[in-house]
Amino acid sequence: GIEGLDHELLRAREASLGGAGMDWHAGGDTNVRARDVSVTDAAAHNFSAAGLQASGGAVTFGPTGDARASLAHGSVTDATIAERVSVASGQVQGVSASSLGGERQVGIESASATGIRDSVTGGTLRSASLSGVQTGGEGSQFSTTVDEARLSHGAMSGHRVTDATARGLSVSRDGGGALTGGFDGLQATGLHGATGGSGVDVATLDARNGQATMGTDGFGSGSLAQLSTTGLRTDQGSAATASVNGLSASRDASGVQATASSGQAGDIRLAGGGSIGTLRTESVSAQHGNGRSQLGVGAAEATGVAAPGLSAGSVSVQGAHVDHTAGSEGALSGTYRQGDRGPGVARLQTLLSGHGHDVGTPDGVFGPSTARALIAFQRSAGLTPDGVAGSGTLGALQGGAGPASTQAGFDGLQASTVAVEQGGTRASVDSIDASGGRVRLGPGGPAASLDQLSARDARVATTGGAGGGSSRCCAPSPRRG
């Protein structure tokens with residue numbers, strides 16, 4: 001029947017303690033030991049537990065504030081933390097902690113919990129377990145490692161997962177505040193995510209050797225040795241299988257960059273009724289920043305391509321690339337500061353996001369997150385970090401002057417068994433072989449060139465129209481598209 005102070009910081013209906021002892025030494029050291037502790041209906045600082053048990057506990061306090069603690073085994077039932085998170089039951093084994101000379105060390109052999117609920121987000125987690133947890137740190141540095149982590153039947157804010165396992169987890173932070181993390185393996189089944197009306201479902205996911213680094217300025221980079229999924233579905237299509245090797249991505253002052261050594265997907269269903277039997281890519285790279293977007297593909301191959309009015313048995317491309325420069329047409333101008341609203345602010349937010357600065361969803365409201373992102377960009381660009389977007393900042397964000405243009409090209413293109421039908425026009429080509437293709441779309445109109453093109457068994461038929469079914473060949477005028 002222990003009652004706390006006036007504010008009831010501690011309350012327990014029933015408590016028992018066995019084998020407890022305390023020692024105090026002239027030097028200021030204090031030792032506390034407890035062989036077995038049990039508490040029922042306890043509450044302290046927004047923590048309550050219907051049943052709490054601990055055994056083999058020991059605490060040591062040194063004269064300089066140094067401390068050590070250990071716990072052989074602990075369990076909790078029907079606990080509530082901070083008045084919003086509840087745990088039906090949990091267990092922890094082999095807990096140890098120390099704070100010596102400013103350095104902190106924590107170790108946990110294993111921990112598990114079931115029936116976790118978060119009343120604020122509506123999240124639930126049926127069971128979770130960790131093994132081999134270790135943390136350490138000194139000052140602003142710390143490191144954490146987990147041998148293995150498991151969870152089953154988790155759900156939160158429209159996201160669900162049936163089962164997930166991660167091995168070899170590690171997280172560390174250096175003195176400058178940069179975070180580095182990684183894992184040896186990650187497996188998950190029954191994934192579902194829905195955000196803003198968009199849904200993503202993945203039956204299984206398998207990833208290995210993931211690494212990520214986040215700098216103090218919000219920039220970051222990540223890599224993944226291999227990723228494979230089955231039963232991938234999105235609002236824009238689906239794929240029975242998909243895999244990516246050598247995936248890496250980074251964000252810095254120059255923008256966003258991503259590369260993948262190779263990728264493969266099978267049984268792809270596209271929005272609008274299209275489909276691709278298999279798709280393979282090699283050496284894919286993409287980067288965006290300072291008003292310029294670039295995409296490069298070393299090689300790509302697709303089989304069983306079908307879309308409304310188009311089909312191809314196989315298509316392969318060598319050395320494809322696209323280079324787009326936003327230019328100054330319709331450039332954002334004026335001055336924007338915190339508290340402003342409107343389409344101009346939304347454009348500003350989109351530009352900041354393109355440079356790798358997180359502003360959340362561009363909503364046209366210049367709030368604190370937009371101000372922080374703007375100041376971070378100004379610092380990275382060598383501008384005065386005043387949080388006001390004037391002509392100098394907008395010019396740096398939009399990457400200089402010049403008209404908008406798009407250039408694309410490929411080294412080689414091969415296609416077989418191509419069939420096209422659009423309206424009353426039909427065409428079929430058994431094979432196409434082209435090299436040195438170039439296309440430019442600029443303010444002066446489109447341009448195109450091709451070093452060589454060969455085709456076999458080409459047939460074209462034009463029917464219908466006012467001409468009474470006449471057929472003729474003509475040179476089509478170039479079109480944007």
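Model, not experiment: these values are computed from the prediction.
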Rounded to the nearest 0.5 Å, how far apart are OG of S38 and CG of L17? 8.5 Å
For the pair D23 and R33, find out whether any cationic side-chain nitrogen is under 4.0 Å from an anionic carboxylate oxygen. yes
Main-chain N/O of G255 paired to Q287 side chain as donor or acceptor, under 3.5 Å: no
With rounding to the nearest 0.5 angstrom, report the OG1 to CZ distance, T124 to R117. 6.0 Å
Restricting to non-hydrogen atoms, name the atom on R68 and the atom on L100 that form the minimum distance, rounded to 0.1 Å. NH2-CD1, 3.6 Å
Evaluate the criterion side chain to side chain contact (heavy atoms under 4.5 Å, CB included) for residue pair V92 and V76; output intermediate values, then yes/no. CA-CA 9 Å; V92 64; V76 63; over 6 Å; no
Cut-off 3.5 Å, no hydrogens considered: what does the side-chain donor-acceptor table look like for residues 177-192, sequence neighbours left out?
| unit_1 | atom_1 | unit_2 | atom_2 | d |
| --- | --- | --- | --- | --- |
| H192 | ND1 | D201 | OD1 | 2.5 |
| H192 | ND1 | D201 | OD2 | 3.4 |

Report the residues that fulfil side-chain contact (heavy atoms from CB on, under 4.5 Å) with P343, sequence neighbours left out, ordered by chain and then residue number. none
In a table with atom names and distances, give each donor-acceptor pair under 3.5 Å that connects a side chain of residues 259-268 to protein atoms at least two apart or in another chain.
| unit_1 | atom_1 | unit_2 | atom_2 | d |
| --- | --- | --- | --- | --- |
| T259 | OG1 | S248 | OG | 2.6 |
| S261 | OG | N245 | O | 2.7 |
| S262 | OG | N245 | ND2 | 3.2 |
| D267 | OD1 | R269 | NE | 3.3 |
| D267 | OD1 | R269 | NH2 | 3.3 |

Compare every heavy atom of H324 with every heavy atom of T406, then report the nearest pair and how far apart it is. OG1-ND1, 2.7 Å
Pairwise distance OG(S405) to CG(D323) - rounded to 0.5 angstrom: 7.0 Å
Smallest heavy-atom separation, G57 atom then L71 atom, equals CA-CD1, 4.2 Å
With sequence neighbours excluded, tell me which residues meet side-chain contact (heavy atoms from CB on, under 4.5 Å) with Q407. R440
To the nearest 0.5 Å, tell me how far D78 CG sits from L52 CG. 12.0 Å
Between atom OG1 of T281 and atom CD of E301, what is the distance when rounded to the nearest 0.5 Å? 11.0 Å
Sort and list the pairs that fulfil side-chain hydrogen bond (donor to acceptor under 3.5 Å, both in side chains) and have at least one residue in residues 50-61, not counting sequence neighbours. N31-T60
Is it true that H357 and F219 have ring centroids separated by less than 6.0 Å? yes
Contact summary for S293 and H288, nearest pair of heavy atoms: OG-ND1, 2.6 Å
Heavy-atom pair with the smallest gap, counting every atom of R337 and D340: N-OD2, 2.9 Å
Does a side-chain heavy-atom distance below 4.5 Å link L374 with Y336? no
Step by step, work out the side chain to side chain contact (heavy atoms under 4.5 Å, CB included) result for L348 and L394. CA-CA 8 Å; L348 172 64; L394 294 178; 4.1 Å; yes
Report the C-alpha distance between L169 and V171 in whole Å, list the side-chain angles of each, state the deciding distance to 0.1 Å, and finish with yes or no for side chain to side chain contact (heavy atoms under 4.5 Å, CB included). CA-CA 7 Å; L169 295 171; V171 179; over 6 Å; no
Does the side chain of Q91 come under 3.5 Å of the side chain of Q93 through a donor N or O and an acceptor N or O? no
Side chain to side chain contact (heavy atoms under 4.5 Å, CB included) between V388 and T393, worked out: CA-CA 8 Å; V388 178; T393 299; over 6 Å; no
Beyond-backbone contact of H153 with T162, side-chain heavy atoms, under 4.5 angstrom: yes
For the backbone of Q349 and the side chain of S353, can you confirm whether one donor and one acceptor N or O come within less than 3.5 Å of each other? no
Excluding sequence neighbours, so at least two apart, what forms salt bridge (Lys or Arg N to Asp or Glu O under 4.0 Å) with E109? none
Between V244 and L224, is there a side-chain heavy-atom distance shorter than 4.5 Å? no
Minimal non-hydrogen separation, R347 against L332, with atom names: NH2-N, 3.6 Å
Measure the CG-CD distance between L352 and Q378 for me, rounded to the nearest 0.5 Å. 9.0 Å
Does Q236 offer a backbone N or O that forms a donor-acceptor pair with the side chain of T234 under 3.5 Å? yes
Donor-acceptor contact present, side-chain S119 to main-chain R84, <3.5 Å: yes
Does Q338 use its side chain to pair, donor to acceptor, with the backbone of G387 at less than 3.5 Å? no
